[in-house]
Amino acid sequence: MDWVTTDRISGYAGKTVELRGWVANKRSSGKIRFLLLRDGPGVIQCVILPDRVSADAFELADKVPYESAVIVRGEVREDKRSPGGFEITVSDLKLVSEAEDYPIAKKDHGVGFLMDHRHLWLRSSRQVALLRLRSALTRAARQFFDEKGFIAIEAPILTPTSCEGTTSLFQVEYFDRHAYLTQSGQLYGEAAAMALGKIYVHGPTFRAEKSKTRRHLTEFWMIEPEMAFWELPETIDLAEGLICRLVEETLRSCSQELEALERDRAALEKVTPPFPRITYSEVVDLLEDKGVPFVWGNDLGADEETVISQAFDKPVFVTHYPAVIKAFYMKRDRNDPRLALAMDLLAPEGYGEIIGGGQREDSLDELEARIAEHGLDRDPLEWYLDLRRYGSAPHAGFGLGIERTLAWIAGIHHVRETIPFPRLMDRLHP
RNA sequence: UCCCCGAUAGCUCAAUCGGCAGAGCGGGUGGCUGUUAACCACUAGGUUGUAGGUUCGAGUCCUACUCGGGGAGCCA
């Protein structure tokens, strides 16, 4: 007898199969009992009738606690009354492991309780949908770069110093000295781009900022492409292509997940090229038109980002920020040295910045001056300066935040649900 | 670090003006041959976050603390 999973069940109509999974729910009506079996790929309703199974199995169908592991054998039948269209008429039900009282009920839980039980919360349909969508999203992103000839590289997670010199880092003991958890793979990505041409880093990132918002985690994942001999405009095109690909792929292959998440497809269908591209200075004018007080030279806060993203129904690129509010490695605009060749992509619906990047400073003299201006320690960056000493070339790249992108595409409120085990300022467990 | 809100049964919450601590879900028992977060009946379940204060009387008012949630700054 074949062990079949629910995603392939439609090919087995009329056949007797075995399914292995967990008791997601059960209902009974006297002499007929229903058991919802969750097997990972999906959920299927199993019907237990007293004249089709042993007395023990019929009894078990009533007594088996939620989330117990079971093996079901029975005939696959198409039935409109069953959620999902197919159901199993059970001929045998075996208990693999009886569960203790399951803490997560069918309804009404607070976020704190669910986060304490994250290891079990993952089993719920919404979380399963989110994690499947996350997997589809990272797969699509990597395919997008692979198809274009990008080489995947890994950046170190333990680093000797800060990449950007601004944010707080997690310090760890490293033999007789200190090391820091990386806040970006970018600098290493630049070195790899000089070796391989076009590369991307897909890896974790750590920020010790005491941020408590729906957009922040202390540990999150980025995909960071870096391209030698590329400049800002084509880098923006690449970012636009990536986002469109991710949305297309979601709409094409994740309909069930979007439905489970009750995500409005129409909002995603609007995400087609070209995205609006506005400069920082134009943003200042836009904010003025909207009656939001803002001074040129300040960084955009959450309120400003919300106003900007609400002015458009697709993601919007903001470019040419004042250099002083951007990282030391950003290349200055030749036409206006106050500006950096930077670009951020703001997601619609208030999800904030999902991409940040731009063209890198490729002049040794300029970069040395920036390091000094930012008050950074030069010694640990000598290797980075070498990239400008030995065949420096224009280059550019960006970082895509996986969790924010997923939160936006999935239409969920908080990024903590977009990663299996979120790390937050006040939460390191489970 | 700052601002706001909260903590009552295993879970989600209610409790009027300061006056007998309750409901739904989950658990247990029983019923029901097509249920869809099934339903119906019965049942068990409490040091109201901690410490102090005001009061004849505190879940309710006051102070401190602890924990949690939301937001800001910073950022992806």
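Here the structure is a predicted model, which is why all the values come from computation and not from measurement.
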Subject >> Closest listed nucleotide, where the reference is the side chain of A:Ser211 and the choices are B:rU1, B:rU35, B:rG73 >> reply: B:rG73
**OP:** May I ask you to decide if the ring planes of A:His117 and A:Phe113 are parallel, tilted or perpendicular, using 30° and 60° as cut-offs?
**Re:** tilted
Original post:
Given the side-chain rings of A:Trp22 and A:Tyr66, with only the six-membered ring counted for Trp, is the space between their centroids under 6.0 Å?
Top reply: no
**OP:** Taking only the side-chain heavy atoms of A:Gln45 (C-beta and beyond), determine which of B:rG30, B:rC75, B:rG34 contains the nearest atom.
**Re:** B:rG34
**OP:** When you get a sec, tell me which of B:rC75, B:rG69, B:rU1 is the closest nucleotide to the side chain of A:Arg427?
**Re:** B:rG69
**OP:** Using a strict cut-off of less than 4.0 Å between a Lys/Arg side-chain nitrogen and an Asp/Glu carboxylate oxygen, indicate whether A:Asp62 and A:Arg27 qualify as a salt bridge.
**Re:** no
Subject >> Nearest-nucleotide pick for A:Ala302, side chain only, options being B:rU29, B:rG73, B:rC74 >> reply: B:rG73
Original post:
Between the base of B:rC75 and the side chain of A:His216, is there any donor-acceptor pair under 3.5 Å?
Top reply: yes
Subject >> A:Lys212 side-chain N/O to B:rG71 phosphate OP1/OP2 under 4.0 Å >> reply: no
Original post:
Of all the nucleotides listed (B:rG34, B:rU33, B:rU29), which has the minimum atom distance to the side chain of A:Val47?
Top reply: B:rG34
Original post:
In terms of side-chain heavy atoms of A:Met222, which of B:rA76, B:rC74, B:rG27 is nearest?
Top reply: B:rA76
Original post:
Does A:Arg215 have a side-chain nitrogen or oxygen under 4.0 Å from the phosphate oxygens OP1 or OP2 of B:rA72?
Top reply: yes
**OP:** Could you walk me through whether A:Trp221 and A:His202 pass ring-ring contact (aromatic ring centres under 6.0 Å, His included), step by step?
**Re:** CA-CA 7 Å; A:Trp221 286 68; A:His202 178 205; 5.5 Å; yes
Original post:
To the side chain of A:Glu305, which of B:rU35, B:rG30, B:rC75 is closest?
Top reply: B:rC75
Subject >> Among B:rC75, B:rU33, B:rG34, the one nearest A:Lys31 by side-chain distance >> reply: B:rU33
Subject >> Dot-bracket encoding per residue of RNA chain B, Watson-Crick/G-U cut-off under 3.5 Å, | denoting interstrand >> reply: (((((((..((((.....[..)))).(((((.......))))).....(((((..]....))))))))))))....
Subject >> Residues A:Arg370 and A:Glu373 bridged, charged N to O under 4.0 Å >> reply: yes
**OP:** Among the candidates B:rG73, B:rU35, B:rA76, find the nucleotide nearest to the side-chain atoms of A:Arg81.
**Re:** B:rU35
Original post:
When only distance counts, do a donor and an acceptor, one from the side chain of A:Ser29 and one from the base of B:rC39, lie under 3.5 Å apart?
Top reply: no
**OP:** Could you tell me whether A:Glu403 and A:Arg215 make a salt bridge, using a distance below 4.0 angstrom between a side-chain N and a carboxylate O?
**Re:** no
**OP:** Could you check which of B:rG27, B:rA76, B:rG70 has an atom nearest any side-chain atom of A:Arg416?
**Re:** B:rG70
